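This report refers to the structure that appears directly beneath it.
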Amino acid sequence: MSDPNTADLHHGEIANLEDLIDRESLREVCRSFFDLFGLSIRVFSARGALLANVHEERSVCRYVNSLPDGKRACASTVGEAQVVVPTEGTVVHPCFTGAVYHVVPIVYDDRQLGRIVLGPFVPSELEDVPEPLLKVDPAVEHERAAAALRDMPRVREETAERIADHLRGVLDLILFSGHRAHLTSAMHLATVRENYRELAEKNARLQEAYDKLKELDRLKSNFLATVSHELRTPLTSIIGYSEMLQAGIAGDMSEEQNSFVETIRTKGELLLSLITSLLDLNKLERGQLSVEHEQVDPRAVLAEVKETYLPEAEKKKLVFEVECDDQVPFIQADPVRLRQILINLAGNAIKFTPDGGTVKLVAISTEMTLNEDDEDDDGFGAALMMAPEPAVEFQVHDTGMGIAEAEITKIFDAFYQVDGSSTREFGGAGLGLAIARNLVDAHHGAMRVESELEKGTTFFVTIPETPPEPE
Amino acid sequence: MQLDFKARELTVKLVYYGPALSGKTTNLQAIHRLLSPEGRGRLMTLETRDDRTLFFDLLPLSFATDSGLTVRIKLFTVPGQVIHNSTRKLVLQGADGVAFIADSQVQEVRANQASFKDLRRNLKENGLDPSKLPLVIQYNKRDLPNIRSEEDIMRMASKGKEPTYLATATHGTGVAETFLGLVELTWDHLEREHHLKERFGLDHTEVTKDLQSRFEAAGEGGGA
Ligand SMILES: Nc1nc2c(ncn2[C@@H]2O[C@H](COP(=O)(O)OP(=O)(O)O)[C@@H](O)[C@H]2O)c(=O)[nH]1
Ligand SMILES: [Mg+2]
């Protein structure tokens, strides 16, 4: 901010008349005043610079200046008139000839930026040749002095004031335009400079991030390739050999042998799908997940989820319902990911609901606040930031064993499943929930759970109707 | 704040911030209209052909106080359009207080919030702490249909600490309240930081009262 340009902008202040005014225009204005009223005009800046000077030598001045003592006296009067600083309004500065100067302050935005010197002119009240004029030089002749005075412009006091006011008004407009132009160009320059600085900085940061990403990407691809190769290769063999055994390639197997091999094969496949989920989760947690946004009909999503689980629900003789009224709007979301969220939640619901229980999927129209956990500014601008927006809430109800209160906060952690025993009983690691939560986050949505032991559990997922613009 | 000991002058900068077309310029125009003329400068508007603020608006105010200090208030607005971010940042430099002018229409939620986040970011980039800066919020355009309800706004406002005002700037209602609220908050803050009372005998309530009386003197002050 040491930059003078920005310092000016700081308060939009102007210090010098010289900076505000175009001298040529000022001279033209003064010239037109001169032509109109016949009064000499000089404009000085507060620093004393003469910015405009429109005058004509007056008869009385010419006469006085033709005499040696008169000339000296005239020079000293003019010198005095030019350095008068009118701090408290207009100053009337007299001349020994009986003529006067009006020294008028130029005030802009409360600051005295300079002064206007009007004159000399003769006040209309003046009748006789004043004493000081007669005495200024031994050679002064009464008749010639009187004639010269008669040739001077005569102006009434109030008229002089009105002329000064008028000139001041015109100057004020010129100053205002000058001020405006000055601020505009200063701001323009400062903005261009700031834009350039920002862009250069951003470019450097982008380049750095890009280089880093390229390196990361390389490492990641390597890692993923290794993992999938190292883990999947032996698994594929296990599954393949189990299938060959079952196909009887190595000879017939007893019923019992066949059932053991079947277990090996299905568990192998489960493991393979878990590895795939793990890789997905890894991507999600690194925030590498890209979410597409298109118009999605919540009804269609629920229908697809229902279709997916219908066979399983029938096998367990569950009451399996879907509910979504016409009020529920379309939402901007990633249809594949949204389906995955509900598939994961519904899958758990079905898994944990005993035979003959109920699983219900519901969508309702609601509102949500998008910036709730925005940074840690502690209610900063709540009147703006807490404004609710339209959203759709999905609910997945089950009549399973429920989750104890103490466990609720943990359940979204990857690998966590309510109690060790259930893992064995129902199979599958709790990855589904962790993935669902990450997908909900990627949609700027919210997720919560309500549960009662032995009664059942409901998961609530709220997705905004339109996602916030990226910042 | 800028203090000129020699001239015995205190200059304070207040900035009207907010999304494009929320009514910042209209607020300044109304202040200009509602204030009695002494010490009220010309309203300078730097706008483009399409009537949108290009750089900023500036309304200078000044008045003498009993302490002998002359108080000068510079009211600025920022251009709301996204592309003018650098200008907003420059105008925000050295701000002593900010009035955030939001558009009450429900469909403007996002624009309000984006501009508010932009304010927070620009404050930080200017080295100003958003949580310490005197800040008031105005929900403008109350005369339009489909606006967020007063009840909703007050409920949200009760969760934050910024004084929140309702206004119809085109009618001049709520404009004086917002401005006086900002002046009061700013002066409280300046008093705490700079001890103006102790150092200069400038009572921080005097400024607000003086301005208030100038709104009343002009005959239309008060508002909603
Ligand atoms: N209906 C209505 N219109 C307003 C109000 N305040 C401002 N406007 C209008 O909104 C538009 C933008 O206002 P302006 O002050 O230029 O916005 P700025 O971009 O924030 O400076 C103008 O057409 C104003 O007349 C208000 O209280 N009610
Ligand atoms: Mg504007």
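Note: hydrogens, waters and symmetry copies are ignored here, and every other heavy atom, side chains too, is used. Quick caveat, the model's predicted, so the values are computed rather than measured. In what follows, chains are A, B, ... by sequence order, proteins preceding strands, each numbered from 1.
The two residues A/T191 and B/L90 come nearest to each other via the heavy atoms N-CD1, 3.6 Å. Nearest heavy atoms, B/M156 versus A/A383: CE-O, 3.3 Å. Among all heavy-atom pairs drawn from A/L183 and B/M44, the shortest one is CD1-SD, 3.9 Å. Contact record, A/M187 with B/V91: CE-CG2, 3.5 Å, taken as the closest heavy-atom pair.
More than 12 heavy atoms of other residues, nucleotides or ligands sit less than 6.0 Å from atom CG of A/D325. By the 6.0 Å contact criterion, CD on B/E151 is open, its count of non-hydrogen atoms from other residues, nucleotides or ligands being 12 or less. The number of heavy-atom neighbours closer than 6.0 Å to CD of A/Q295, taken from other residues, nucleotides and ligands shown, is above 12. In B/E38, the CD atom is crowded: over 12 heavy atoms of neighbouring residues, nucleotides or ligands sit closer than 6.0 Å. Crowding of B/H194 atom NE2: a count of heavy atoms from other residues, nucleotides or ligands under 6.0 Å exceeding 12. Counting heavy atoms of neighbouring residues, nucleotides and ligands inside a 6.0 Å radius, atom CD of A/E158 exceeds 12 of them.
Judged by distance alone, with hydrogens and angles left aside, the side-chain atoms of B/E162 form no donor-acceptor pair with the main-chain N or O of A/F380 at under 3.5 Å. Using a distance-only test at 3.5 Å, with no hydrogens or angles considered, no donor-acceptor pair links the side chain of B/R42 to the main chain of A/D109.
Interatomic distance, CZ of B/R120 versus CE of A/M385, reported as 5.5 Å (0.5 Å rounding). Separating the CG atom in B/L58 from the CZ atom in A/R180 is a distance of 11.0 Å, to the nearest 0.5 Å.
Only the side chain of B/L135 comes within contact range of chain A, judged by heavy atoms closer than 4.5 Å. Both the backbone and the side chain of B/T11 come within less than 4.5 Å of a heavy atom of chain A. Within the 4.5 angstrom heavy-atom criterion, no atom of B/D118 approaches chain A.
For a heavy-atom cut-off of 4.5 Å, chain B lies close to no residue in residues 161-170 of chain A.
Counting heavy-atom pairs closer than 4.5 Å to chain A, the top-ranked of the candidates B/R110, B/K74, B/R148 is B/R110.
Applying the ring-ring contact (aromatic ring centres under 6.0 Å, His included) rule to pairs touching residues 86-115 of chain B yields B/F100-B/F116, sequence neighbours excluded.
You'll find the side chain of A/E198 reaches within 4.5 Å of the side chain of B/N85, heavy atoms only.
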